[in-house]
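Beneath this line is the structure, given in structure tokens, with notes to follow.
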Amino acid sequence: MPADTHTVFSTEDTRHMARALRLAARGRYTAQPNPMVGCVMVRNSAVLAEGWHQRAGSAHAEAAAIEAAEGSLEGATAYVTLEPCSHQGRTPPCADALIKAGVARVVAAMHDPNPLVAGSGVARLQEAGIDVQTGLLEAEAERLNRGFAKRMRHGRPFVRLKIASSLDGATGMASGESQWITGPAARADVQRLRAESGAILTGIGTVLADDPRLTVRDELRPKDVEQPLRVVLDSDLRTPVSVQMLRMPGETRIYYCGDNVRDDLTEAGATLAAVSEHKRGVDIGEVLDDLGRLEVNTVLAEAGATLAGSLLSGAHVDELVIYQAPQLLGSSTRPMLSTPGWRRLQHRLQLDITDIRAVGRDLRITARPMNTLEA
């Protein structure tokens with residue numbers, strides 16, 4: 001959605017919207033499955049109140065700002081990072097709250113991609129005589145809620161694939177030894193990615209080799225916020241009942257194929273979900289569709305070479321995060337990806353690198369796939 005063509009936003013407009021975006025980001029670990037939203041109320045260049053959406057079921061950003069105001073908001077401008085909602089959900093419509101508060105102007109960074117809103121919030125405000133402009137810092141607002149936006153538009157979560165490797169692209173030795181290639185700062189950074197995610201996905205190979213817990217450390221997770229959903233792709237239901245993740249707080253959801261029955265896994269607390277088979281494994285597209293129905297906005301895939309290759313080959317990855325340690329492991333190693341169908345240079349996957357930075361002694365490379373190859 002481009003900025004309104006008739007609107008020229010001032011430096012002050014931009015400053016207040018930037019503040020609203022910073023407020024919205026406070027919900028990074030707690031707002032899901034709702035979007036992160038921030039709101040700043042301003043009149044005559046003075047900030048009257050601020051608010052942000054903390055978690056599903058709590059006050060939306062606009063309502064929080066209205067409640068925080070110590071005086072009247074009559075004639076104020078509301079800077080909000082997402083179009084105010086117009087429907088009754090767990091909380092009343094924000095558009096109605098702004099109308100009742102008497103604001104004169106609303107500046108929204110982006111339209112709400114939720115079909116229940118999708119322009120109706122702006123329309124309701126305009127019908128009430130409020131001046132509404134949209135599109136200020138839209139790209140920044142879209143990036144902040146790209147998981148929510150993808151789920152609303154396509155029914156699937158945003159998928160981030162995390163890989164840790166040596167500088168020569170190895171994820172472990174041929175013997176299976178892999179802990180630890182990257183340093184403590186990089187591993188702490190992965191905890192942040194986990195905390196931002198609605199689900200953490202891995203394959204049965206990683207489960208059998210490493211027995212991961214796939215949990216978020218307590219210091220990043222508020223006590224009243226559940227652990228991310230743990231997702232295991234296990235076509236033949238080989239997951240042992242003794243794995244650590246089944247003893248951790250939160251839900252473990254195992255996707256499998258066929259008519260297998262594993263009462264011992266369900267008795268151990270796992271949720272089993274059958275999907276179609278695709279190339280001798282689970283149909284990842286069906287898995288992502290199901291996670292979308294479960295209101296998962298963002299998936300962090302922590303996968304071995306086979307699953308990582310399948311995710312990339314099937315065009316399921318929206319973003320790659322590669323941690324590279326300043327080490328060379330040589331030739332008797334395990335690769336980042338297993339892609340048997342990529343046999344010619346034309347099969348290469350082009351990447352757009354969006355960020356490179358040091359994390360401790362390691363490098364973190366963030367990139368997005370630019371082309372798709374089903375192999």
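Heavy-atom basis, side chains included; hydrogens, waters and symmetry copies ignored.
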What pair of heavy atoms forms the shortest contact from [X] to [Y], and how long is it?
{"X": "Ile200", "Y": "Leu214", "answer": "CD1-O, 3.5 Å"}
{"X": "Ile181", "Y": "Ala170", "answer": "CD1-O, 3.8 Å"}
{"X": "Pro249", "Y": "Arg230", "answer": "O-NH1, 2.8 Å"}
{"X": "Pro84", "Y": "Val117", "answer": "O-CG1, 3.8 Å"}
{"X": "Gln32", "Y": "Asn297", "answer": "CB-ND2, 4.2 Å"}
{"X": "Phe9", "Y": "Thr134", "answer": "CZ-O, 3.7 Å"}

If you measure from [atom1] on [X] to [atom2] on [Y], what distance do you get to the nearest 0.5 Å?
{"X": "Trp52", "Y": "His60", "atom1": "CH2", "atom2": "NE2", "value": "13.5 Å"}
{"X": "Asp352", "Y": "Arg368", "atom1": "CG", "atom2": "CZ", "value": "4.0 Å"}
{"X": "Met17", "Y": "Leu136", "atom1": "CE", "atom2": "CG", "value": "4.5 Å"}
{"X": "Ile353", "Y": "Asp355", "atom1": "CD1", "atom2": "CG", "value": "10.0 Å"}
{"X": "Leu337", "Y": "Ser313", "atom1": "CG", "atom2": "OG", "value": "8.0 Å"}
{"X": "Ile322", "Y": "Leu161", "atom1": "CD1", "atom2": "CG", "value": "7.5 Å"}

Side-chain H-bond candidate by donor/acceptor type, Thr182 with Asp362, under 3.5 Å: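 Side chains of Thr182 and Asp362: no pair found under 3.5 Å.
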Donor on one side chain, acceptor on other, Ser45 and Glu12, under 3.5 Å: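 Judged by distance alone, the side chains do pair up.
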Contact between [X] and [Y] at the side-chain level, heavy atoms closer than 4.5 Å - yes or no?
{"X": "Arg160", "Y": "Val321", "value": "yes"}
{"X": "Arg151", "Y": "Val296", "value": "no"}
{"X": "Asp234", "Y": "Val207", "value": "no"}
{"X": "Thr298", "Y": "Ser197", "value": "yes"}

Sub-3.5 Å donor-acceptor pair from the side chain of [X] to the main-chain atoms of [Y], do we have one?
{"X": "Arg361", "Y": "Ala325", "answer": "no"}
{"X": "Asn114", "Y": "Leu116", "answer": "yes"}
{"X": "Glu226", "Y": "Gly250", "answer": "no"}
{"X": "Arg43", "Y": "Ser72", "answer": "yes"}
{"X": "Arg262", "Y": "Leu272", "answer": "no"}
{"X": "Asn145", "Y": "Met36", "answer": "yes"}
{"X": "Asp289", "Y": "Gly155", "answer": "no"}
{"X": "Asp236", "Y": "Arg238", "answer": "no"}
{"X": "His53", "Y": "Gly38", "answer": "no"}
{"X": "Gln227", "Y": "Val216", "answer": "yes"}

Over 12 non-hydrogen atoms of neighbours within 6.0 angstrom of [atom1] in [X]:
{"X": "Arg213", "atom1": "CZ", "result": "no"}
{"X": "Arg143", "atom1": "CZ", "result": "no"}
{"X": "Glu277", "atom1": "CD", "result": "yes"}

Counterpart residues, side-chain hydrogen bond (donor to acceptor under 3.5 Å, both in side chains), relative to Tyr323 (two or more places apart):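 So Tyr323 forms a side-chain hydrogen bond (donor to acceptor under 3.5 Å, both in side chains) with Asp189.
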Lys/Arg N to Asp/Glu carboxylate O, Glu142 vs Arg146, below 4.0 Å: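 No, this pair does not count.
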Parallel, tilted or perpendicular: ring planes of Tyr79 versus His16, cut at 30 and 60 degrees: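 If you compare the ring of Tyr79 with that of His16, the planes turn out tilted.
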Pair listing, salt bridge (Lys or Arg N to Asp or Glu O under 4.0 Å) test, anchored in residues 95-106, at least two apart: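 Counting only pairs at least two positions apart or across chains, the salt bridge (Lys or Arg N to Asp or Glu O under 4.0 Å) contacts touching residues 95-106 are Asp13-Arg105, Asp96-Arg124.
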